[in-house]
Amino acid sequence: MVADTIIYNIKEIITPHRSLAHRGKEMRQLESVKDAFIAIRKGKIIDYGKGNHSKYLSDTTYLHDAHNCIVIPGLIDSHTHLVHGGSREHEFGKKIKGVPYLDILKQGGGILSTVEATRNSDFGTLFQKARKSLDEMLLLGVTTVEAKSGYGLNYETEVKQLEVAKKLNEIHPIDVISTYLGAHAVPTEYKDNKDEYINAVIKDMALIRNNDLAESVDVFCEDSVYNLEDTRKIVEAAKKLGFFVRLHADEIHPMGGLGLAVELNASSADHLIAASNEDIKKLSKSKTVANLLPSTSFYLNKDFANARKMIDEGCIVSLSSDYNPGSSPSENLQFSMQLGCNKMRLRPKEVLTAVTINPAYGLGLKEKVGSIAKGKNADIVIMDASNLEYIMYHFGVNHTKDVFKNGKLVVKDRQII
Ligand code: NIG
Ligand code: FE
């Protein structure tokens, strides 16, 4: 079979070796192929390996020189708040003085300030802003992104956010997977009537499902936001409608959100900074992914989730940026990876698994993306590095050189083409 594209002169391909969730020590078991090539046809990987690629060559094959760099699968950022209006530097002074994140929210700021900005932004403004963020992510080597709504807190604006994500998925090289996060905060107009708002969320969910605007539902399960009982009610309704479930769980206070996520078979439980050891035990026996967000710990000046314990106990761990305007205003997943090593004490190999096959599994995409394997989408990143460790060690810079999405060269020499 002839290839339409061949990437050659690869110093080393480093990839998870199976299209399955990798739990515990499996997260360190990567495949390495030195002096390699990758052959691509119609957007899929048809072969990869050591040595000679000539059997895949034709007159029209595009040959791409990897310049003796390492090659990894396209990165997957499985927790972002991509689409939102405005930014929150006006609250930065408070944050610097040490006003806690949830106190800013209680004063009507934080998430609620972004809700106001998002309600007041038209489709085009939200679209252009999110597109710029996606460009930034693509330049960093990210080829699949999960995007939550949650800054409308009314049907009209939540749908506006989800429609923006849908449009971006159509026009941007990055695949955008949407999550409905109507239960992100209690909107001001319902502040004395949370139960009524929860009922509205459940009602809106059905319409969102019917219009195919989101695959998952998320809840911010947190002290003074949605408690365990509220979360259970929303999640049970979501499951009946056929949604996958993701939870913001144990981000700030130990609420037992992780235990609930496991009990309800959530696809992922995210944050887990304050998760209990008992719930981590339950997690290790479950199929729920621990989706950890070290950039948020960094930015909120909080502890880091106990990723080492989670891996040592056999959990499935992924890492994401949590890109949002409040607790993690950065699109940079590579920074999260660097924090994963330096602050969470993960090994570089574990981190690579945590941003490729494990989030692919968490998003229900493990057969398509998350590793370099025959038949999978050719989502491939050439890193300007000669080994994996260097990417995690040399922090705060972008190591991505070239990016292929579905076999198409979309970033070359750090420029979107
Ligand atoms: O994952 N904590 C809830 N949601 C986001 C922050 C959203 C915001 O501050 O705008 C998070 O940390
Ligand atoms: Fe989040």
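Numbers for residues simply follow the sequence, beginning at 1. Atoms within a ligand are numbered from 1 in the order they appear, just like the ligands themselves.
If you look at Phe304 and Phe298, their ring centroids are not closer than 6.0 Å. Aromatic ring centroids of His81 and Tyr323 lie 6.0 Å or more apart. Taking the six-membered ring where the residue is Trp, the centroids of Tyr62 and His64 are separated by under 6.0 Å.
Listed by atom number, the atoms of ligand 1 under 4.0 Å from Ile111 heavy atoms are 7 (C), 8 (C), 9 (O), 10 (O). Listed by atom number, the atoms of ligand 1 under 4.0 Å from His79 heavy atoms are 1 (O). Heavy-atom contacts of Arg88 reach the following atoms of ligand 1: 8 (C), 9 (O), 10 (O) (cutoff under 4.0 Å).
Taking atom 3 (C) of ligand 1 as the reference point, the nearest protein heavy-atom neighbour is His184 NE2, 3.4 Å. In terms of protein heavy-atom proximity, atom 10 (O) of ligand 1 is closest to Tyr151 OH, 2.6 Å. Atom 6 (C) of ligand 1 has Tyr101 OH, 3.0 Å as its closest protein atom, hydrogens excluded (heavy atom only). Remark: minimum distance from atom 11 (C) of ligand 1 to any protein heavy atom is reached at Asp322 OD2, 3.2 Å.
In summary, Asp218 places no N/O/S atom under 2.8 Å from the Fe ion (ligand 2), failing the contact criterion.
Heavy-atom separations between His271 and ligand 1 include at least one value shorter than 4.0 Å.
Taking 4.0 Å as the cut-off between side-chain N and carboxylate O, Asp270 and Arg246 do not count as a salt-bridged pair. A salt bridge links Arg88 and Glu91; the closest N-O separation between the charged side-chain nitrogens and carboxylate oxygens is under 4.0 Å. Looking at Arg131 and Asp135, no side-chain N of the basic residue comes within less than 4.0 Å of a carboxylate O on the acidic one, giving no salt bridge.
A donor-acceptor distance shorter than 3.5 angstrom exists from the side chain of His17 to the backbone of Gln29, with no hydrogens or angles considered. The closest donor-acceptor contact from the side chain of Glu158 to the backbone of Tyr155 lies at 3.5 Å or more, if one exists at all.
The atom of Asp322 that is an N, O or S and sits closest to the Fe ion (ligand 2) is OD1. Looking only at N/O/S atoms, His79 comes nearest to the Fe ion (ligand 2) through NE2.
A side-chain hydrogen bond (donor to acceptor under 3.5 Å, both in side chains) with His79 holds for exactly one of Thr179, Asp322, Thr296; it is Asp322. In summary, of the residues considered (Ser295, Ser268, Ser78), a side-chain hydrogen bond (donor to acceptor under 3.5 Å, both in side chains) with Ser320 occurs for Ser78 alone.
Considering backbone and side-chain atoms alike, Thr114 places every N or O at 3.5 Å or more from each N or O of ligand 1. Of the N or O atoms in Ser327, one or more lie within a sub-3.5 Å distance of an N or O in ligand 1.
Rounding to 10 degrees, one finds that the Fe ion (ligand 2) sits at the corner of an angle of 100° between His81 NE2 and His248 NE2.
Residue contacts with ligand 1, taken as heavy atom pairs separated by less than 4.0 Å, involve His81 solely via side-chain atoms from C-beta onward. Contact annotation for Glu251 and ligand 1: only side-chain heavy atoms (C-beta onward) come within less than 4.0 Å of the ligand.
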